[in-house]
Amino acid sequence: MFDWLIVGAGFAGAVLAERLATQRGDRVLVVDRRNHIGGNAYDHYNEAGVLMHKYGPHIFHTNSDAILDYLSQFTKWRPYEHRVLGMVDGKQVPIPINLDTVNKLYDLNLTSEELVDWFAARAEKVENIQTSEDVVVSVVGRELYEKFFQGYTRKQWGLDPSQLDKSVTARVPIRTNRDDRYFTDTHQCMPLEGYTRMFERMLDHPNISVMLGTDYRDIGALIPHKRTIYTGPIDEFFDYRFGKLPYRSLRFEHETLDQEFALPTGTINYPQTEPFTRVSEYKHMTGQVHPKTAITREYSSATGDPYYPILRPESQLLFKRYEALAAKTADVWFVGRLATFRYYNMDQVTGQALATFRRIDDALPKVVARPIGRANGIGGKVAANVAA
Ligand code: FAD
Ligand code: UDP
């Protein structure tokens with residue numbers, strides 16, 4: 001008898017498995033329908049021996065000391081600040097838009113102070129900022145919006161920015177200084193030996209069993225368990241009772257090149273040209289030294305595995321109906337990007353899972369009132385627990 005069936009071995013599932021096993025002594029079965037742990041953060045060495053991310057580039061960044069400290073139990077880190085160039089009007093310019101972007105694009109020599117006025121002269125007045133169009137045109141005006149945001153967003157989401165919640169394009173700031181980092185969080189780093197090694201260590205505990213290549217629906221009734229943590233799409237859990245929630249998918253085109261580096265930065269975005277949105281090169285992120293390199297082009301798609309919740313007023317309303325149903329479903333906790341329909345980064349999912357653990361721990365009596373030690377400590381193998 002397991003105390004918990006955890007559906008999904010990504011950040012949400014792995015954090016909860018680790019906490020429940022080590023802090024409560026609970027027995028946990030983690031099930032994933034993919035044939036690997038790590039969810040979308042899974043990385044592996046490709047056929048040429050280059051470390052790459054199967055589901056596109058994953059860069060860890062957070063402002064939370066607590067989340068970094070928690071994950072640091074399972075990995076060392078290498079510092080890495082992500083930089084992105086955009087191919088705009090035939091030039092490679094920094095994204096997010098900053099002072100150098102405008103000067104390079106328009107052949108100007110503005111100062112930061114002058115750029116503030118330059119933006120102000122172009123910004124459109126928007127009374128009530130609601131959409132992903134509003135949030136950009138109200139700061140930089142229509143021309144830069146069209147060059148940098150409109151085409152990319154249409155490609156990525158199959159929707160115009162005017163049809164998407166403001167939080168989507170608001171993820172990418174507009175700057176008047178020369179900071180060309182994609183993120184400005186206090187902590188920006190990559191797990192030294194990759195995400196998968198980190199997940200292996202999280203799941204390496206005698207109370208945790210992992211079953212891969214298995215849909216929970218096929219074993220849920222066969223393997224006795226008391227409670228469930230579900231990290232898959234919430235509409236699927238309820239058999240699409242109220243209709244399908246919109247998730248956007250991607251197709252990844254991976255390529256290994258017989259050269260040491262292919263790109264000047266970790267990622268190049270294509271807001272105007274190319275059928276793909278961006279191309280990324282992992283060696284910038286991982287720091288791996290290798291004579292070959294691996295890149296990935298991302299093509300957005302309406303069909304395929306769900307990766308991004310599509311945030312619009314009507315999808316939020318539909319999600320609320322599923323959320324209300326989830327709140328009434330006894331003994332099941334819904335956690336993670338797909339189950340809570342939130343455009344969360346890895347650190348946010350980790351934070352959400354840790355908060356869920358605290359709620360569970362407060363609500364449920366402990367079967368074994370003791371934190372128990374880890375199996376082998378950092379560096380142990382999960383293989384013994386994995387039924388492939
Ligand atoms: P997931 O990783 O999706 O894990 C859910 C798991 O549940 C999956 O493995 C799935 O197979 C399994 N599952 C679902 N249904 C079932 C079922 N019925 N039975 C068994 N198993 C099931 N975040 C960052 O912080 N930085 C980045 O740079 C970054 N880049 C990203 C790039 C891309 C292309 C994408 C798509 C996402 C990116 N993210 C990034 C977001 C990051 O991937 C997520 O925040 C994180 O992986 C979500 O973890 P999760 O556990 O909620 O979900
Ligand atoms: N975006 C854009 N142009 C860019 C980069 C981003 O229009 O060059 C918009 C686009 O809608 C994208 C969103 O901003 O989906 C969020 O970008 P981010 O890089 O955070 O996307 P993710 O890494 O999550 O795919």
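Ligands are counted one by one from 1 in listed order, and the atoms in each one are counted from 1 as well. Side chains are part of it too, since the values below use all heavy atoms of this structure and drop only hydrogens, waters and symmetry mates.
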Report task. Check each heavy atom of Val349 against ligand 1 and say whether those closer than 4.0 Å belong to the side chain, the backbone, both or neither. Result -> side chain

Query raised in the report: Is the closest N or O pair between Arg278 and ligand 1 shorter than 3.5 Å?
Result: no

Query raised in the report: What atoms of ligand 1 come closer than 4.0 angstrom to any heavy atom of Glu298?
Result: 34 (C)

Report task. Take atom 53 (O) of ligand 1 and look for protein heavy atoms under 4.0 Å from it; say yes if you find one, no if not. Result -> no

Report task. Check each heavy atom of Thr214 against ligand 1 and say whether those closer than 4.0 Å belong to the side chain, the backbone, both or neither. Result -> backbone

Report summary line: atom 19 (N) of ligand 1 sits nearest the protein heavy atom Tyr216 N, 3.2 Å

Query raised in the report: Does His58 have a heavy atom less than 4.0 Å from any atom of ligand 1?
Result: yes

Report summary line: The atoms of ligand 2 lying under 4.0 Å from a heavy atom of Thr169, numbered in the order shown, are 9 (C), 11 (O), 14 (O)

Report summary line: Heavy-atom proximity to atom 7 (O) of ligand 2 ranks first, among Val84, Leu85, Thr153, for Thr153

Query raised in the report: Do Asp3 and Leu20 have side-chain heavy atoms sitting under 4.5 Å apart?
Result: no

Report task. Could you tell me which atoms of ligand 1, counted from 1 in the order shown, lie closer than 4.0 angstrom to a heavy atom of Val31? Result -> 20 (C), 21 (N)

Query raised in the report: Parallel, tilted or perpendicular for Tyr343 and Tyr308, by the 30°/60° rule?
Result: perpendicular

Query raised in the report: What atoms in ligand 1 come closer than 4.0 Å to a heavy atom of Gly336?
Result: 52 (O)

Query raised in the report: Once the angle between the rings of Tyr182 and His82 is folded into 0 to 90°, is it parallel (under 30°), tilted (30 to 60°) or perpendicular (over 60°)?
Result: perpendicular

Report task. Give the residue, atom name and distance (to 0.1 Å) of the protein heavy atom nearest atom 16 (C) of ligand 2. Result -> Val168 O, 3.5 Å

Query raised in the report: Does ligand 1 have a heavy atom under 4.0 Å from the side chain of His82, from its backbone, from both, or from neither?
Result: neither

Query raised in the report: Between Tyr308 and ligand 1, which residue portion shows a heavy-atom distance shorter than 4.0 Å: side chain, backbone, both, or neither?
Result: side chain

Query raised in the report: Which residue from Pro57, Gly56, Gly39 reaches closest to atom 32 (C) of ligand 1 through any of its heavy atoms?
Result: Pro57

Query - Euclidean distance, Asp204 CG relative to Arg197 CZ, rounded to 0.5 Å - result: 9.5 Å

Query raised in the report: Would you say ligand 1 has an N or O under 3.5 Å from any N or O of Tyr55?
Result: no

Report task. Would you mind listing which atoms of ligand 2 come within a distance below 4.0 Å of any non-hydrogen atom of Val172? Result -> 6 (C), 14 (O), 17 (O)

